[in-house]
Amino acid sequence: MAIQQQIQEAAIKSLEQLYGKTFTAKDFQINKTKPEFEGDYTVVLFSLLKPLSKSPDALGNELGKHMVESHPSLFTSYNIIKGFLNLTVADAFWMQVLTQNYNDVCFGKGALKHQKVMVEYSSPNTNKPLHLGHLRNNFLGWSTAAIINANGYETVKTCIVNDRGVHICKSMIAWQLFANGATPQSTNTKGDHFVGDYYVKFNDEYKAQVETLIGKGVDKATAEKEAPIMKATQQMLLDWEAGKPEVMELWKEMNSWVYAGFDTTYKRIGSDFDKIYYESNTYLLGKKTVQEGLSKNVFIQKEDGSVWIDLTADGLDEKIVQRKDGTSVYITQDIGLAQQKYDEYKIDESIYVVGDEQNYHMKVLQLICKKLGLPYADSIHHLSYGMVELPTGKMKSREGTVVDADDLLDEMERVAQQKTEELGKVKDFTAEELKELYKTIGLGALKFYLLRVDPKKKMIFNPEESIDFHGYTGPFIQYTHARIKSILRKEKVQAEKVHDTSLLKLEKELLIDLENFPSVIEQSGHEHNPSHLANYVYNVAKTFNSFYTEHSVMNAESEEKKQLRLLICELTANVIASGMRLLGIHVPERM
RNA sequence: GGUCCGGUAGCUCAGUUGGAUAGAGCAUCAGCCUUCUAAGCUGGUGGUCAUUGGUUCGAAUCCAAUCCGGAUCACCA
């Protein structure tokens, strides 16, 4: 059990024995003691004063005395400053944490929950390559799933590929018009970029056609509707839905190019899925639900045949769920897919990693499911994340200010190589080992940079800052790990030589941090927020570096101290590696 | 206009189930490598926690109003 919880329970027990009153964990707080005071953990007494009619000093003394006396192996002393009861935890406790967990690769993991959680993330469109925004989504989704898994839940990583619709047809039309039969192979272009280029070409041509029409005196709205390339696109969408063979063939071929490109990038960033849904297979789902909704009077049909739900009583609007021509809209598909996920996997919780621009949509989705009385409605959770912006403002694909994922990864690796060469610490590495290291560092820097920020906040991506490998960064943590490993290569731990011993300030500080690892994993999972873990691992690395500078391991004051510090090194490396793994970041043995 | 989210050091961010003198990194200044990897460590400078009012022993944190920025409110996805 976590020390903080143990202290809380000890306090509850003491309060009961002293005053005959029962308190719960919510009635008072246990905090880490601020560094400027003596002690490790602090009971905040203020909220207990009134119910017990005690002064801070009286309560502090009575409670402190009772807690220390009834747990002689856990607490060694206490002191009271104002309304704060500071407790010093026995070194023996920290030693126990150390010796029990130093070589346990499962340290931090939670007990099996026998529940299944699905995490949907990435969900790309097949008309353009991945960009920086997708990276935030992928890293968040992958890491959240890993963290939830570490908390003892079975996880299913999934993704819905938006492989149909008008945006896909735009790329297809442009390819027909301008490509002269070119392919990714013939032009030596990565498939997703190749298709994306035709999406851009479409927009250029469309814009030109609209302007020509406006020049001829057509009003803007009409011009946008009547531009030949747009009309052709709309016709193609109808042909696709009708299953016209040559359209289907082109669609399949162009999508296959995109998938080949995506596969390369996903492999590179370590994103993977247990199940992939394709919109072309799911876009008709949900129609049955619409009928059920109508018969339950949850939905209403208007005179023109369109179907709506009235959410005004919930502070939202009226929302259409089926067009007058009987075709389904986006949210209808989502209702259908939610049902399918539930049917196929019997999931207990369903997490959607979707940008905050769709907060309203997700709210509506869940509300509709609730009103339909669907059993999984309450298990839907939206992991909403903010947009990634550049120092110059928003990324806009039309203005060419989008940071391409592949380009960015190349750049990160290039900088990793340059910095590694400047430092010259791994000159004996083979070419292959070097390549692997550059990838590890470059990708680690990027992932950490994107994951260290609270998901729900929008973030600024500063290209220069992101490639800084000092301070609060992934490479800093990787470097700390490599440093520790360098020591551990020199000497093997002999745990039996370590006995109870008094701990120095930095030794204890590090152990207090390390003991907290399981709680941080739990909190990150519970809140669907990997940034807590990122912050935590950074702090562990930072504390270790202070310890490392202050105290020598190999030339320790005594053999016993040396062995103790080797154990601390082992546990620290273990926690850093495990924590980083849950963020999807590898840590090198040397760098 | 309605709804939702955000505003903390020059910059990027922690800290928000209310707790002690608000913390990191970057930048800047001053130190530390004949000793386990200096991608490191130690210290200095830097704050009206957007503003105003309220709640109370105590507010960056809760409530209200205001200002600023963003998202969203399509028979688009």
Side-chain angles (χ1 to χ4, degrees), chain A residues 25-26 29 31 33-34 36-37 42 44-47 49-50 56 81-84 86 125 162 164-167 279 283 302 304-308 315-325 327-331 333-334 355-361 363-364 384 386-387 389 391 394 416 419-420 422-423 425-426 441 445 449 452-454 456-462 464-466 468-480 482-491 531-532 534-535 538-539 541-542 544-556 562 565 569 590-591:
Chain A
K26 283 181 182 157
Q29 286 182 23
N31 295 339
T33 304
K34 298 248 168 196
E36 55 267 37
F37 302 102
T42 297
V44 182
L45 301 171
F46 297 104
S47 58
L49 301 179
K50 214 174 251 178
I81 298 168
K82 292 192 234 170
F84 299 93
N86 303 320
N125 292 338
N162 302 116
R164 50 136 251 139
V166 72
H167 53 291
E279 196 194 338
Y283 81 108
K302 296 202 172 174
D304 63 3
S306 59
V307 181
W308 297 73
L316 305 177
D317 308 274
E318 282 197 332
K319 188 86 188 171
I320 191 162
V321 294
Q322 188 170 296
R323 296 189 186 101
K324 67 182 170 199
D325 62 6
T327 58
S328 56
V329 294
Y330 185 54
I331 198 145
Q333 304 170 30
D334 273 353
D356 64 6
E357 58 201 349
Q358 295 195 48
N359 281 355
Y360 179 76
H361 173 81
K363 211 169 171 179
V364 170
S384 168
M387 297 293 104
E389 294 175 11
K394 288 187 173 178
K419 305 230 169 183
T420 303
E422 277 170 17
L423 291 167
K425 293 180 183 180
V426 287
I441 296 173
Y449 186 84
R452 67 182 208 186
V453 179
D454 186 339
K456 72 168 184 284
K457 294 194 175 181
K458 74 172 184 202
M459 64 180 293
I460 312 279
F461 179 83
N462 186 329
E464 285 175 23
E465 190 188 312
S466 72
D468 186 356
F469 292 172
H470 300 268
Y472 186 16
T473 66
F476 169 90
I477 299 165
Q478 292 172 321
Y479 171 72
T480 307
R483 265 183 149 182
I484 299 173
K485 285 295 180 169
S486 167
I487 295 174
L488 294 175
R489 271 193 300 274
K490 291 187 166 68
E491 183 127 353
S531 76
H532 292 308
N535 269 293
Y538 167 70
N539 277 315
K542 201 171 142 54
F544 179 85
N545 280 320
S546 296
F547 160 81
Y548 177 94
T549 311
E550 190 73 22
H551 305 295
S552 175
V553 176
M554 300 307 289
N555 297 313
K562 179 173 162 183
R565 287 176 192 162
C569 285
R590 290 178 57 196
M591 66 185 275

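Residue numbering restarts at 1 for every chain, and letters A, B, ... go by the order of the sequence lines.
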Task: Distance, nearest 0.5 Å, that separates CZ of A:R590 from CZ of A:R489 - done: 6.0 Å
Open item on the list: What contact category does A:V44 fall into here, base, sugar-phosphate, or nothing, at under 4.0 angstrom with non-hydrogen atoms?
Closed with: base
Task: Short side-chain N/O contact to B:A20 OP1/OP2 from A:T42, under 4.0 Å - done: no
TODO: Output the distance between atom CE (A:M459) and atom CZ (A:R452), rounded to the nearest 0.5 Å.
DONE: 7.0 Å
TODO: Grab the NZ-P distance between A:K542 and B:C13 for me, whole Å please.
DONE: 19 Å
Identify each atom pair where a protein N or O and an N or O of nucleotides 67-70 of chain B are less than 3.5 Å apart, giving names and distance.
from: B:G70; atom 1: O3'; to: A:K394; atom 2: NZ; distance (Å): 2.9

TODO: Determine the interatomic distance between C1' on B:G23 and the same-named atom on B:C36; round to the nearest Å.
DONE: 30 Å
Task: With A:Y479 via ring pair (Phe, Tyr, Trp, His ring centres under 6.0 Å) - residues at least two apart - done: none
- [ ] Report the secondary structure of RNA chain B in dot-bracket form, marking unpaired bases with a dot and bases paired to a different strand with |, and treating Watson-Crick or G-U pairs with both distances under 3.5 Å as paired.
- [x] ((((((((.[[[[.)...(...]]]].(((((.......))))).....[[[[[..)....]]]]])))))))....
Open item on the list: What's A:S546 touching, base or sugar-phosphate or nothing? Going by heavy atoms closer than 4.0 Å.
Closed with: sugar-phosphate
TODO: For B:G19 versus B:G58, give the span between their C1' atoms, rounded off to a whole number of Å.
DONE: 7 Å
Open item on the list: Can you tell me which nucleotide in B:A24, B:C75, B:G40 comes closest to the side chain of A:K324?
Closed with: B:C75
- [ ] Kindly indicate whether the side chain of A:F544, heavy atoms from C-beta on, has any atom under 4.5 Å from the side chain of A:C569.
- [x] yes
Task: Check: A:K490 and A:V553 side chains under 4.5 Å, non-hydrogen atoms - done: no
Task: Integer-rounded Å distance: B:U16 C1' and A:H532 NE2 - done: 11 Å
Open item on the list: Please classify the nucleic acid contact of A:I484 as base, sugar-phosphate, or nothing, using heavy-atom distances under 4.0 Å.
Closed with: nothing
TODO: Determine the interatomic distance between P on B:G18 and the same-named atom on B:G10; round to the nearest Å.
DONE: 29 Å
Please enumerate all protein N or O atoms sitting under 3.5 Å from an N or O of nucleotides 36-38 of chain B, with distances to 0.1 Å.
from: B:C36; atom 1: O3'; to: A:K490; atom 2: NZ; distance (Å): 3.4
from: B:C36; atom 1: O2; to: A:V553; atom 2: N; distance (Å): 3.3
from: B:C36; atom 1: O2; to: A:M554; atom 2: N; distance (Å): 3.0
from: B:C36; atom 1: N3; to: A:V553; atom 2: N; distance (Å): 3.0
from: B:C36; atom 1: N4; to: A:Y548; atom 2: O; distance (Å): 2.4
from: B:C36; atom 1: N4; to: A:H551; atom 2: O; distance (Å): 2.8
from: B:U37; atom 1: OP1; to: A:S486; atom 2: OG; distance (Å): 2.2
from: B:U37; atom 1: OP2; to: A:S486; atom 2: OG; distance (Å): 3.2
from: B:U37; atom 1: O2'; to: A:Y479; atom 2: OH; distance (Å): 2.4
from: B:U37; atom 1: O2'; to: A:R483; atom 2: NE; distance (Å): 2.9
from: B:U37; atom 1: O2; to: A:K425; atom 2: NZ; distance (Å): 2.8
from: B:U37; atom 1: N3; to: A:M591; atom 2: O; distance (Å): 3.0
from: B:U37; atom 1: O4; to: A:M591; atom 2: N; distance (Å): 3.2
from: B:A38; atom 1: OP2; to: A:R483; atom 2: NH2; distance (Å): 2.4

Task: Atom C1', compared across B:U17 and B:A60: separation rounded to whole Å - done: 16 Å
TODO: Rounded off to whole Å, could you give me the CG-to-P distance for the A:N545 and B:G40 pair?
DONE: 8 Å
Task: Validation row: A:F37, A:T42 side chains within 4.5 angstrom (heavy atoms) - done: no
Task: Contact check, side chains of A:F84 and A:V44, non-hydrogen atoms, under 4.5 Å - done: yes
Open item on the list: For the residue pair A:N162 / A:Y330, report whether a side-chain donor-acceptor contact shorter than 3.5 Å exists.
Closed with: no
Task: Among B:A77, B:U21, B:U12, the nucleotide that comes nearest once only the side chain of A:K82 is considered - done: B:U21
Open item on the list: At 4.0 Å (heavy atoms only), tell me whether A:S531 reaches a base, stays on the sugar-phosphate, or touches nothing.
Closed with: nothing
Open item on the list: Suppose we screen for ring pair (Phe, Tyr, Trp, His ring centres under 6.0 Å). Which residues come up paired with A:F469, at least two apart in sequence or across chains?
Closed with: none
Open item on the list: Are there over 12 heavy-atom neighbours, none belonging to A:E36, within less than 6.0 Å of that residue's CD?
Closed with: yes
- [ ] Starting from P on B:A14, measure out to CD1 on A:I460 and report it in whole angstrom.
- [x] 12 Å
Open item on the list: Rounded to whole Å, please give me the gap between CD1 in A:I320 and P in B:A77.
Closed with: 10 Å
TODO: Could you pull out the closest heavy-atom pair between A:S552 and A:R565, with the gap in Å?
DONE: O-NH1, 2.8 Å
Are any protein N/O atoms closer than 3.5 Å to N/O atoms in nucleotides 27-31 of chain B? If there are, list each pair with its distance.
none

Task: From A:N359 atom CG to A:S384 atom OG, the distance as rounded to the nearest 0.5 Å - done: 3.5 Å
- [ ] Could you check whether A:Q333 gets within reach of a base, just the sugar-phosphate, or nothing at all, counting any heavy atom under 4.0 Å?
- [x] nothing
Open item on the list: Please enumerate all residues that pass side-chain hydrogen bond (donor to acceptor under 3.5 Å, both in side chains) together with A:N125, with sequence neighbours excluded.
Closed with: none
Task: Atom C1', compared across B:U56 and B:C62: separation rounded to whole Å - done: 11 Å
Task: Whole-angstrom distance between B:A20 and B:U61, as gauged at atom P - done: 13 Å
Open item on the list: Can you build the contact string for nucleotides 2-10 of chain B? Use B for base contact, S for sugar-phosphate-only contact, and - for no protein heavy atom under 4.0 Å.
Closed with: ----SS---
Task: For atom CG of A:D334 and atom P of B:C76, their distance in whole Å - done: 15 Å
TODO: Only counting residues at least two apart or in another chain, list the ones meeting ring pair (Phe, Tyr, Trp, His ring centres under 6.0 Å) with A:Y472.
DONE: A:F448, A:Y538
TODO: List the protein contact pattern of nucleotides 56-65 of chain B with one symbol per nucleotide (5' to 3'): B for base contact, S for sugar-phosphate-only contact, - for none; contact means a heavy-atom distance under 4.0 Å.
DONE: -B--------
Task: Contacts of type side-chain hydrogen bond (donor to acceptor under 3.5 Å, both in side chains), residue A:K456, not counting sequence neighbours - done: A:D454
Task: Euclidean distance, atom CG of residue A:D454 to atom P of B:U16 [Å, nearest integer] - done: 11 Å
Open item on the list: Does B:G25 have its OP1 or OP2 closer than 4.0 Å to a side-chain nitrogen or oxygen of A:H470?
Closed with: no
- [ ] If the glycosidic angle is within 90 degrees of 0 it's syn, otherwise anti, so just tell me which one B:C67 is.
- [x] anti
TODO: Considering only atom P, compute the distance from B:U52 to B:U16 and round it to an integer number of Å.
DONE: 24 Å
Open item on the list: Taking side-chain contact (heavy atoms from CB on, under 4.5 Å) as the definition, give me every residue that meets it alongside A:R323, ordered by chain and number, with sequence neighbours left out.
Closed with: A:D325, A:T327, A:V329
Task: Side-chain touch A:I487/A:M554, heavy atoms, less than 4.5 angstrom - done: yes
Task: Minimum-distance nucleotide (side-chain atoms of A:R323 versus B:C76, B:A20, B:U12) - done: B:C76
- [ ] Could you tell me whether the side chain of A:N462 has a donor or acceptor atom within less than 3.5 Å of a complementary atom in the base of B:C26?
- [x] no
Task: Reported NE2-to-OG distance for the pair A:H551 and A:S546, which is rounded to 0.5 angstrom - done: 9.5 Å
Task: B:G7 to B:G43 separation - P atoms, rounded to the nearest Å - done: 29 Å
Open item on the list: In this structure, how many angstroms lie between the P atom of B:U35 and the CZ atom of A:R565, rounded?
Closed with: 19 Å
